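Beneath this line is the structure, given in structure tokens, with notes to follow.
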Amino acid sequence: MIEGAGEADLAMILERQLGRPARGVVDVSVWCPHGAPAVIVTCPYLDTGEPFPTTFYLTCPSAVSSVSREEAGGGVARLRWLAAHDAEVAAVLEGLQAWYGARRRRLAPPGPHCDGGAVLDAGIGGPRDPTSASCLHAYTATVLAAIVSGVELRLAPVKEPGAPASASHTSQSGQGAQVSWVGLLGAAQDLWCQDARCLEGRPRLARRAVIDVGTNSVRLLVADLPLEGSGEHVRVGAPIPVVRHARVTRLGEGLVAGGNLSVDAVARTKAAVAEYVAEARLLGAGRINLVGTSAARGAADGAEVIARLGVEVDISAGVVSGEMEARLALLGATLDVPGDSAVIDVGGGSTELARLDHSGIPRVRSYECGCVRDTERFLRADPPVDHERDALRRYVRGLVAAEASAFMGAETLVAVGGTATTLAALVLGLERYHPDAVHHTMLSREQIEQAIERLASLSPPERAALAVMQPGRADVIVAGAEILLQAMDILGYGLVLVSERDLLDGFLAVTV
């Protein structure tokens with residue numbers, strides 16, 4: 001049974017959606033853009049001991065109707081054909097089936113079972129093999145559940161700069177493969193109603209998305225915004241994340257001041273943006289914005305590239321200044337951090353510091369130092385040698401020291417961005433990256449210094465093989481960590497609070 005507050009209301013909504021009481025429900029995996037349950041998780045065995053073949057069950061009536069139309073148009077046959085004839089699709093399906101099966105086994109009560117455990121070997125929707133798939137509803141529900149669970153479903157991520165083509169978590173594939181679940185769902189992407197009919201016509205949330213195109217990575221946040229009031233008096237609550245993804249595309253690779261972005265870097269970034277936009281639309285985001293930061297600011301064609309990306313995927317897009325980037329990071333990072341806080345955001349091409357002064361006015365500063373920019377500028381060897389690291393440290397200390405007083409003495413220094421979150425995951429010893437575990441981890445100066453020495457002692461393959469190392473970050477993590485540590489020293493902070501909330505959350509918090 002579903003536990004916690006609102007259990008009776010939730011059961012009533014599910015009965016309204018299904019036309020009957022829901023059976024075997026243990027959780028809600030996916031919520032619709034209005035705040036109603038959309039995909040429920042069911043136990044492989046009901047309370048009676050009866051086997052139940054479907055783990056992820058699509059409950060949203062609008063989504064059910066949309067998928068039914070897709071089925072009527074040959075969607076099941078299309079999926080079967082792809083599973084049988086396209087090796088890359090088959091590999092992705094195999095990965096999804098493995099995740100689904102592992103989840104079923106975790107949900108199963110201890111045996112013995114009336115069927116000897118046979119239902120645990122069933123595939124998505126019942127059939128064991130995707131080539132004999134019988135229900136597109138079950139596949140749609142499973143895909144949505146996997147996306148919001150943070151499972152990497154995309155085959156063959158964009159090739160890392162200087163690295164051979166490689167496979168994702170699911171399987172090996174040829175160079176350039178671009179298979180994604182969003183694409184496989186085809187016309188079933190328009191899933192959600194516009195009138196919150198399950199909630200009696202009273203929308204409770206607004207689902208929005210923002211994409212940050214940075215120097216090192218492209219990041220997506222899809223989140224629900226609680227809305228209060230109406231018209232000019234609408235108040236927006238703190239974003240409630242639905243999915244948060246990041247992919248290294250290295251837009252700023254080899255960029256020199258005033259130069260153009262490289263063709264390959266733009267192509268990698270474009271592919272990631274297009275996929276994230278499709279995913280956000282699949283999840284029902286009513287508005288999607290794209291924000292370009294350091295690399296886009298520094299390149300002669302940066303604003304043009306970002307604008308073109310927006311036109312190609314039909315979303316609003318623009319480049320923000322370093323000062324605005326710092327303000328948004330401050331707003332996002334302090335949504336759930338009370339008191340007087342300073343924020344540091346170590347990015348790929350720039351590092352931002354921000355803090356509210358005593359009158360409530362943000363003090364912000366954006367520096368031209370970042371993990372990609374300073375790796376290319378200082379750390380020519382890998383593993384980096386001592387004199388290169390010393391030069392980087394001196395440079396960062398000189399930048400930050402000039403205006404350090406404005407950011408000193410806060411109750412809390414909050415660090416956001418991939419450098420800080422990766423360091424937190426390493427210090428915690430996580431076997432896989434888990435945002436909830438990382439969020440609000442407190443790191444000491446000594447822990448960061450020890451992590452830097454460990455990372456700097458590893459070869460690039462050894463660093464890349466660390467369980468929580470994001471693909472594409474291994475070659476720049478040392479520079480990013482050095483920037484964070486030097487800034488802490490200059491500002492006089494021995495501790496830093498790592499936050500998953502950042503510029504993306506700040507942007508959505510001010511966007512109705």
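This structure is a prediction, so every number in the text was calculated from the model and none was measured.
For Gln97 (side chain) and Ile124 (main-chain N/O), a donor-acceptor pair under 3.5 Å exists by modelled atom type. With hydrogens and angles ignored, the 3.5 Å screen pairs a side-chain donor or acceptor of Ser444 with a backbone N or O of Gln447. Judged purely by atom type and a 3.5 angstrom limit, Arg501 uses its side chain to pair as donor or acceptor with the backbone of Pro239. Using a distance-only test at 3.5 Å, with no hydrogens or angles considered, no donor-acceptor pair links the side chain of Arg355 to the main chain of Ala342. With hydrogens and angles ignored, the 3.5 Å screen pairs a side-chain donor or acceptor of Tyr493 with a backbone N or O of Ala410. Distance alone, capped at 3.5 Å, places no donor-acceptor pair between the Glu376 side chain and the Arg373 backbone. Side-chain N or O atoms of Thr422 include none that pairs as donor or acceptor with a backbone N or O of Thr419 at under 3.5 Å. Between the His85 side chain and the Trp81 main chain, a donor and an acceptor come within less than 3.5 Å of each other. Checking side-chain atoms of Arg247 against main-chain N and O of Ala272 turns up no donor-acceptor pair under 3.5 Å. Using modelled atom types, one side-chain atom of Thr441 and one backbone atom of Ala437 make a donor-acceptor pair closer than 3.5 Å.
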For this session: Would you please test Ser29 and Val148 for side chain to side chain contact (heavy atoms under 4.5 Å, CB included) and show each step?
Result: CA-CA 8 Å; Ser29 179; Val148 301; 4.2 Å; yes

Exercise. Hey, mind stepping through Arg244 and Asp505 against salt bridge (Lys or Arg N to Asp or Glu O under 4.0 Å) and telling me if it holds?
Worked result: CA-CA 10 Å; Arg244 197 187 292 269; Asp505 303 79; 3.0 Å; yes

For this session: Dump the intermediate steps for side chain to side chain contact (heavy atoms under 4.5 Å, CB included) on Val343 and Leu353, then the final yes or no.
Result: CA-CA 6 Å; Val343 172; Leu353 285 171; over 6 Å; no

Exercise. Checking salt bridge (Lys or Arg N to Asp or Glu O under 4.0 Å) for the pair Arg380/Glu388: CA distance, chi angles, key distance, verdict?
Worked result: CA-CA 8 Å; Arg380 306 298 176 84; Glu388 292 178 342; over 6 Å; no

Exercise. Yes or no on salt bridge (Lys or Arg N to Asp or Glu O under 4.0 Å) for Asp475 and Arg463, after CA distance, side-chain angles and deciding distance?
Worked result: CA-CA 8 Å; Asp475 60 331; Arg463 212 178 297 131; over 6 Å; no

For this session: Begin with the C-alpha distance, continue with both residues' side-chain angles, and end with the deciding distance and a verdict on side chain to side chain contact (heavy atoms under 4.5 Å, CB included) for Asp374 and Leu379.
Result: CA-CA 7 Å; Asp374 287 348; Leu379 306 185; over 6 Å; no

For this session: Check the pair Leu191 / Leu144 against side chain to side chain contact (heavy atoms under 4.5 Å, CB included), numbers first and verdict last.
Result: CA-CA 11 Å; Leu191 296 175; Leu144 290 170; 4.0 Å; yes

For this session: Would you please test Asp224 and Arg208 for salt bridge (Lys or Arg N to Asp or Glu O under 4.0 Å) and show each step?
Result: CA-CA 6 Å; Asp224 289 330; Arg208 302 287 187 255; over 6 Å; no

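The 12-atom threshold is not exceeded at CZ of Arg128, counting heavy atoms of other residues, nucleotides or ligands nearer than 6.0 Å. Under a cut-off of 6.0 angstrom, the local environment of CZ in Arg397 is crowded, with over 12 non-hydrogen atoms contributed by other residues, nucleotides or ligands.
Side-chain contact between Glu368 and Ser350: absent, with no pair of heavy atoms (C-beta onward) separated by less than 4.5 Å. At a threshold of 4.5 Å between non-hydrogen side-chain atoms, the residues Val313 and Tyr276 do not count as touching. In this structure, Tyr139 and Thr142 have side chains that are not in contact, with every pair of non-hydrogen atoms separated by 4.5 Å or more. Side-chain contact between Asp345 and Thr351: absent, with no pair of heavy atoms (C-beta onward) separated by less than 4.5 Å. No side-chain heavy atom of Arg393 sits under 4.5 Å from any side-chain heavy atom of Leu485. Side-chain contact between Pro241 and Leu221 is present, with at least one heavy-atom pair separated by less than 4.5 Å. The shortest side-chain heavy-atom distance between Val218 and Val273 falls under the 4.5 Å cut-off. Leu413 has its side chain out of reach of Leu497: every pair of non-hydrogen atoms, C-beta onward, lies at least 4.5 Å apart.
Residues Thr131 and Asp129 have side chains that bring a donor and an acceptor to within less than 3.5 angstrom of each other. In summary, the side chains of Glu279 and His245 do present a donor paired with an acceptor at a separation below 3.5 Å, with no hydrogens or angles considered. Side-chain contact, Ser366 with Glu352: a donor N or O sits under 3.5 Å from an acceptor N or O. For Thr215 and Arg250, the side-chain atoms include no donor-acceptor pair closer than 3.5 Å.
Across every non-hydrogen atom of Thr293 and Val319, the tightest pair is O-CG1, 4.3 Å. Here the closest non-hydrogen pair linking Pro384 and Val478 is CG-CG1, 4.1 Å. When all heavy atoms of Val496 and Ala415 are compared, the closest pair comes out as CG2-CB, 3.4 Å. Arg389 and Ala456 get closest at one heavy-atom pair: NH1-CB, 3.7 Å. Pairing each heavy atom of Ser499 with each of Val414, the nearest pair is CB-CG1, 3.7 Å. When all heavy atoms of Leu220 and Leu504 are compared, the pair lying nearest together is C-CD1, 4.2 Å.
At a threshold of 4.0 Å, the pair Arg268-Glu253 counts as salt-bridged, since one of the basic side-chain nitrogens sits closer than that to a carboxylate oxygen. Of the charged side-chain nitrogens involved, at least one lies within less than 4.0 Å of a carboxylate oxygen, so that Glu449 and Arg445 count as a salt-bridged pair. Using a 4.0 Å cut-off between charged nitrogen and carboxylate oxygen, Glu325 and Arg297 count as a salt-bridge pair.
Between Glu323 atom CD and Arg363 atom CZ the span is 12.5 Å, to the nearest 0.5 Å. In this structure, CG on Asp212 lies 7.5 Å from CG on Asp502, to the nearest 0.5 angstrom. Note that CD of Gln450 is 11.0 Å distant from CG of Leu443, once rounded to the nearest 0.5 Å. Interatomic distance, Ile452 CD1 to Leu423 CG, rounded to the nearest 0.5 Å: 7.0 Å. With rounding to the nearest 0.5 Å, the separation of CG in Leu251 from CG in Leu261 is 4.5 Å. Within the model, atoms CZ of Arg394 and CG of Leu399 stand 13.0 Å from one another, a figure rounded to the nearest 0.5 Å.
By the ring-ring contact (aromatic ring centres under 6.0 Å, His included) test, Tyr395 pairs with Phe378, sequence neighbours left out.
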